[in-house]
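Chain letters run A, B, ... following the sequence lines, proteins first and then strands; every chain starts at 1.
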2 protein chains.
Amino acid sequence: MTLDSETKAVELPEHHGDELRLWLRLLTCTTLIEGEVRSRLRERFDVTLPRFDLMAQLDKVPEGMTLSDVSKRMMVSNGNVTGLVERLVESGHLDRRTSEVDRRVQVIRLTKAGRAEFRKMAAEHELWIADIFGDLTPKDVRELMRLLAKTKTSAQKAARARTP
Amino acid sequence: MTLDSETKAVELPEHHGDELRLWLRLLTCTTLIEGEVRSRLRERFDVTLPRFDLMAQLDKVPEGMTLSDVSKRMMVSNGNVTGLVERLVESGHLDRRTSEVDRRVQVIRLTKAGRAEFRKMAAEHELWIADIFGDLTPKDVRELMRLLAKTKTSAQKAARARTP
DNA sequence: CCAGATTTCTTTAAGTTTCAAGCAATTGGC
DNA sequence: GCCAATTGCTTGAAACTTAAAGAAATCTGG
C-alpha cells in the first residue's frame, strides 16, 4: 500500500513533538541547575537566588541602574523588583537614591559592603557552574552557546510577533 | 618575552567564564520561553503555568499519581504540590482520593472535564512551542537535544556529588 | 510484638512572583 | 502654556515557592 503524501499532510496534523520534547528538556536542565545553585547559595551564604541575581546585575554597572533597567534585565515584573530592592536596601547591600533629573526614577547601586559580599559569592558561584557543566567539552560549550543564541533569537521573534 | 606555563597556571585562577556565560544564556532562553508560554496560557485560557504543568503530568498517567510522584516529576517541593492540588480539586479539574493500601497516600487524577480542558490547551501549546523554536532546523533540534542530555547528566552528577 | 526509623503529606512562615490598578513626574503636540 | 499620553515606580491581591517542622501511617529489625 502507498500513501499519497498530500493526503497524509492533510489528514495528520503537523508533527511538533520534537520541539516539545526539546522544550521540556531545556526546562528540566534549567530547573535542575537553578535548584542546585539555589541550594548552594543558601547553604554556603544564606542568600536567596533572586537577591544574588539582582546583585549580579548591579555589580556589572558600578554607577547604578534604575529599577526599570533591573526589571528588564532580569526579565521580571516591576513590582517584583520594588520588593526585592526594599529588602536589600534594608539589609545594607544596596544604596538607593532618587534621580536628580527625573524624580520618578530611583537609582540603585551596590554599597561597598554589598559589593564585597557579592564578589565573594560570585567567585564560588563560578566554580559551582564550572562543576555543574564539568562533563561538557569546550567544543560542546561552544556548540551549545551557538544553538542557544539561535534559540533566543527565534523565541524573541515569536514573542514580538504576538505582541508588536 | 615568554611565559612559563606552569607559573601561569599557578598565578591565574582557572578560567571558567565560558561556562558561566553558557549558564546565563541557558537561563535567559528558558526565562524568555517560559514567560511567553505563561502569557499565552493566561491570555488564551486564563490558566497559570504551574496548573498547566501539573495537569500535563497527570495526563500522561490516566490511573493517577501520588503527590510525591508529582513533586518529584515537577521538581518542586511537597508543600507546593499540596496547595496546587487543593486549588485544582476545588475547581473540578482534579479528583483526589486516599489510597486503600496506604492511608498516608493521596492519589490524584484528572477528572473527565479536567482532561478535556487540558487536551484542548495542550494542542495549542504544542503549536506555540513549534512557533517559538521555529528558526531551528531539525538538525539543530537534534543537536540541542543531545547536548542538553549531556548537560542534564553532568548537572545531576554534580548535584549527587554534593548531596549523596 | 514493638520501638525507632522512614515515608507521605500538611502546615507554617517568609519570601518571591505576577498582574492590574493607581499615583506621580515627565514629555510631546497643539 | 496646557492637556493628554507616556513613563517609572508602588501597592494590593492572589498565587506560587521553599525550607522546616510536625502529624499520621507504615516499615523494620530485634
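As judged by a 4.0 angstrom heavy-atom cut-off over every strand, A:D102 is placed among residues touching the sugar-phosphate backbone only. Within the nucleic acid shown, B:S77 comes within 4.0 Å of at least one base atom, counting heavy atoms only. Among the heavy atoms of the strands lying under 4.0 Å from A:S68 are primed sugar atoms or P, OP1, OP2 only; no base atom is included. B:V101 comes within 4.0 angstrom of sugar-phosphate atoms only, judged by non-hydrogen atoms across all strands, and of no base.
Rounded to an integer number of Å, the gap from CE of A:M55 to C1' of C:dT16 is 17 Å. For B:E100 and D:dA25, the CD to P distance is 15 Å, given to the nearest whole Å. Between the P atom of D:dG8 and the CE atom of A:M65 lies a distance of 13 Å, rounded to the nearest Å. Separating the CD atom of B:E43 from the C1' atom of C:dT18 is a distance of 14 Å, rounded to the nearest angstrom. Rounded to a whole Å, the CG atom of B:L88 is 8 Å from the P atom of D:dC16. Distance, B:M75 CE to D:dC16 P: 18 Å, rounded to whole Å. C:dG15 atom C1' lies 15 Å from atom CG of A:L41, rounded to whole Å. In this structure, B:L84 places its CG atom 13 Å from C1' of D:dA14, rounding to the nearest Å.
Comparing A:V81 and B:Q106 against DNA chain C, the residue whose closest nucleotide sits nearer the 5' end is B:Q106. Both B:E86 and A:M74 sit near DNA chain C, but only B:E86 has its closest nucleotide nearer the 5' end. Where A:K72 and A:G35 meet DNA chain D, the nucleotide closest to each residue was compared, and A:K72 sits on the side nearer the 5' end.
Regarding contacts with the backbone of D:dC9, every side-chain N or O of A:N78 stays at 4.0 angstrom or more from both OP1 and OP2. Dashed line: the shortest gap from a side-chain N or O of B:N80 to OP1 or OP2 of D:dC16 is not under 4.0 Å. Residue A:R104 has no polar side-chain atom (N or O) positioned under 4.0 Å from OP1 or OP2 of C:dC23. Remark: A:T48 is in phosphate contact with C:dT16, judged by side-chain N or O atoms under 4.0 Å from OP1 or OP2. Dashed line: the shortest gap from a side-chain N or O of A:R42 to OP1 or OP2 of D:dT17 is not under 4.0 Å. Note on B:R103: every side-chain N or O is 4.0 Å or more away from OP1 and OP2 of C:dT8. For the pair A:R51 and C:dT16, the criterion of a side-chain N or O lying under 4.0 Å from OP1 or OP2 is met.
Side-chain proximity of B:V105 to the nucleotides C:dT10, C:dT18, C:dC9 is greatest for C:dC9. For B:P50, the listed nucleotide lying nearest its side chain is D:dT17; candidates were C:dT17, D:dT10, D:dT17. If you check D:dT10, D:dC9, C:dT16 against the side chain of A:T66, the one that comes closest is D:dC9. The B:L67 side chain lies nearest to C:dT10 when the options are D:dT18, D:dT11, C:dT10.
Listed for the B:S154 side chain is no donor-acceptor partner under 3.5 Å among the backbone atoms of B:K150. No donor-acceptor distance shorter than 3.5 angstrom exists from the side chain of B:R38 to the backbone of B:L49, with no hydrogens or angles considered.
Between B:R40 and B:E124 there is no salt bridge, since no side-chain N of the basic residue sits under 4.0 Å from a carboxylate O of the acidic one. A salt bridge links B:D95 with B:R97: the distance from a Lys NZ or Arg NE/NH1/NH2 to an Asp or Glu carboxylate oxygen falls below 4.0 Å. The existence of a salt bridge linking A:E143 and A:K139 is excluded, since no basic side-chain nitrogen approaches an acidic carboxylate oxygen closer than 4.0 Å.
Other residues, nucleotides and ligands place no more than 12 heavy atoms under 6.0 Å from the NZ atom of B:K152.
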